[in-house]
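Written out below as structure tokens is the structure these notes cover.
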Amino acid sequence: MVASQFRVVIVGAGPTGATLALLLSQRGISVTLVESARNFRRAFRGEALMPSGLQALAQMDLLALVPTLPHRPLDGWEFVINDRRLFLAEEPFEPDGPPCTLISQPAFLEAVVQRCQAGSQFEFLAGQAAQDLLWGAMGAPTPVGKDDRVSGIRLRDGRAIAADLVIATEGRQSLLRQRAQLALTEAPHDFDLLWFQLPDHPHLQAHNIFTSYLKDRQAFGLFRSAEGNLQVGLILPSRTPDRQSPTSELGLQTLMAAAPPWLAQHCATHAATIEKPTFLPVRIGLCAQWSRPGFLLLGDAAHPMSPIRAQGINMALRDAIVAANVLVPILTSGDLASSSPDSLTQWHRAIDAVLPQIQAARYPEIQQIQKLQAEETQLATRLRDNAGLRSLVSGISPWCSQPIKTIWQQKQRSLRQGTIEIRLTS
């Protein structure tokens, strides 16, 4: 393998950034991965790998990592309305297919970065925030001419890092997306999340069921995480402009009021030691344009996903594969050692010309997945806001459980498998 002389800077060491850094550096491309946090431990990180995400890991030769990390297959999905089970859909849905698998995302990201560091084409800058883009040959903080392209980034400590391509994967609040003036079109929604991490409980140790509860107008989801604690996402209506989080005490009281007896008692027992819940303002959107010359958006930076059915990490991994397929051929084809300034400009134009191909390949699936997520959210909102409908659905559940479950499973197919086939070709 001949090392490429192009340099790629990836900002954000989440699932998209870390796996793309691995794919590029393994193929001889010089990659600098910049991460603002000093470690991967955060209050909340998505951990549900759907079959589409597991297939992406297999494509990247990373599936063997899963058994070595904290993980646990999910045993099923349960819906409970007014204390009555609507249905239980057991995993896996697909004959001979893998079940949805929970994985510790911090442990996964650490393992991927360690693999990156085993190669000579990789540099990891942890605890360094990218504050701005640099433009043009002079590295100006803003573009000064219509032909200027992104030429690097500036870190918080003032250092400048030159790059032939900058890829922003730093999440839904992406600062570099704003610096590049790439607009995010946000989708309307009416909920946020208050996320609790609770001590483990025997109730989910034998069978880890992701349960969605709806009682009166209170709704929450519950499962046992890959690392063994209970994770609870309490739905918060977000119709007020300021969208402020309730106090921890009020949030816990709200959860206990809607919880089944075993969970309410568990919360009461540990109320004094439960960590403060994390307020997660939901942001859903899609950028109409993902690139500028020398610059590319991927993952949540380009398309922040709804939390419904855990699509963020799965779409992120698929983004990385498509980006690698498009970028590797162009980034490994240039001999810069003897390049004149004019020929370097031509190489940069060749790189810029393929960036829209990544968006073209990913945009339809992201659009369709977000549509499916929105449809499921709308149904849940109707149930939450209509007491008569809740009572009706709860009342007929003993007789209609199987057909409702069958319809729901059919609608989940694309959310689990993706809407297109993704294959690593480069």
Side-chain angles (χ1 to χ4, degrees), residues 1-33 52-53 55-62 112 116 119 121-122 149-151 163-170 174 176-177 180 182 286-303 314-336 344-369 418-426:
M1 178 182 67
V2 178
S4 166
Q5 295 174 54
F6 289 113
R7 184 180 191 183
V8 176
V9 170
I10 300 175
V11 180
T16 313
T19 56
L20 181 56
L22 179 65
L23 294 176
L24 297 183
S25 61
Q26 284 180 330
R27 287 151 181 80
I29 298 164
S30 176
V31 177
T32 298
L33 180 61
S52 64
Q55 194 266 350
L57 291 185
Q59 293 287 313
M60 298 184 217
D61 197 27
L62 291 175
V112 172
C116 291
Q121 300 299 310
F122 177 78
R149 76 188 300 271
V150 172
S151 57
D164 298 290
L165 176 63
V166 173
I167 304 176
T169 66
E170 81 270 45
S174 172
L176 296 189
R177 179 182 66 219
L182 293 174
L286 183 57
C287 289
Q289 181 179 339
W290 295 14
S291 64
R292 292 200 183 282
F295 181 75
L296 174 67
L297 292 174
L298 285 176
D300 272 353
H303 51 76
N314 299 283
M315 293 300 104
L317 297 173
R318 291 162 74 83
D319 279 6
I321 288 176
V322 170
N325 286 342
V326 173
L327 293 174
V328 168
I330 191 70
L331 293 175
T332 55
S333 63
D335 180 8
L336 301 186
L344 178 59
T345 298
Q346 293 301 315
W347 279 116
H348 282 167
R349 287 177 178 169
I351 293 170
D352 300 341
V354 303
L355 299 183
Q357 296 176 20
I358 299 169
Q359 177 179 349
R362 294 299 299 133
Y363 199 93
E365 178 173 62
I366 298 300
Q367 205 170 34
Q368 181 63 17
I369 293 295
T419 64
I420 59 175
E421 184 178 12
I422 299 290
R423 293 283 174 186
L424 183 62
T425 59
S426 292

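- Remark: side-chain polar atoms of Q359 are paired, donor with acceptor, to backbone N or O of A288 under 3.5 angstrom.
- Residues T169 and V11 form no side-chain contact, since every pair of their non-hydrogen atoms from C-beta on lies 4.5 Å or further apart.
- A heavy-atom distance below 4.5 Å is found between the side chains of Q55 and R423.
- Of all heavy-atom pairs between A324 and P329, the closest is O-CD, 4.1 Å.
- D61 places none of its side-chain heavy atoms less than 4.5 Å from the side chain of L424.
- Scanning for side chain to side chain contact (heavy atoms under 4.5 Å, CB included) contacts around A21 gives I10, V31, L33, C116, F122, with sequence neighbours left out.
- Residues A361 and V322 share a closest heavy-atom pair of CB-CG1, 3.6 Å.
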Under the side chain to side chain contact (heavy atoms under 4.5 Å, CB included) criterion, do L327 and I167 qualify, and how do the steps go?
CA-CA 11 Å; L327 293 174; I167 304 176; 3.9 Å; yes
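- Proximity of T16 to L317: side-chain heavy atoms (C-beta onward) are nowhere separated by under 4.5 Å.
- Here the straight-line distance linking atom CG of L165 with atom CG of D352 works out to 8.0 Å at 0.5 Å rounding.
- Partners of A302 by side chain to side chain contact (heavy atoms under 4.5 Å, CB included), not counting sequence neighbours, listed by chain and number: W290, L297.
- Atom SG of C287 sits about 11.5 Å away from atom CD1 of I366, to the nearest 0.5 Å.
- Under the rule for a side-chain hydrogen bond (donor to acceptor under 3.5 Å, both in side chains), the partners of E170 that lie at least two apart in sequence or sit in another chain are S174.
- Under the 4.5 Å side-chain criterion, counting only non-hydrogen atoms from C-beta, I29 is not in contact with Q121.
- Evaluation of the side chain to side chain donor-acceptor pair (under 3.5 Å) test over residues 320-331, restricted to residues two or more places apart or in two chains, returns N325-T425.
- Taking both residues in full, the closest heavy atoms of Q59 and I321 are given as CB-CD1, 3.8 Å, listed atom of the first, atom of the second, then distance.
- Checked against salt bridge (charged side-chain N to carboxylate O under 4.0 Å, His left out), R292 has no partners two or more places apart in sequence or in another chain.
- The OG1 atom of T32 lies 3.5 Å from the CZ atom of R7; values are rounded to the nearest 0.5 Å.
- Separation of atoms CZ (F295) and CZ (R177) is listed at 9.5 Å; rounding is to 0.5 Å.
- Under the salt bridge (charged side-chain N to carboxylate O under 4.0 Å, His left out) criterion, the residue pairs touching residues 314-330 are R318-E365, D319-R362, with sequence neighbours excluded.
- The two residues P15 and T19 have their closest heavy-atom pair at O-OG1, 2.5 Å.
- Of the inter-residue distances, the one linking S426 atom OG with L331 atom CG reads 10.0 Å to the nearest 0.5 angstrom.
- Expressed to the nearest 0.5 Å, how far OG1 of T332 lies from CD1 of I330 amounts to 8.5 Å.
- Residues satisfying the side chain to side chain contact (heavy atoms under 4.5 Å, CB included) test with S291, not counting sequence neighbours, are L296, L355, P356.
- Counting all heavy atoms, side chain and backbone alike, M60 lies closest to A320 at CE-CB, 4.5 Å.
- In this pair, H348 and F6 present their aromatic rings tilted. The plane angle is within the 30 to 60° band.
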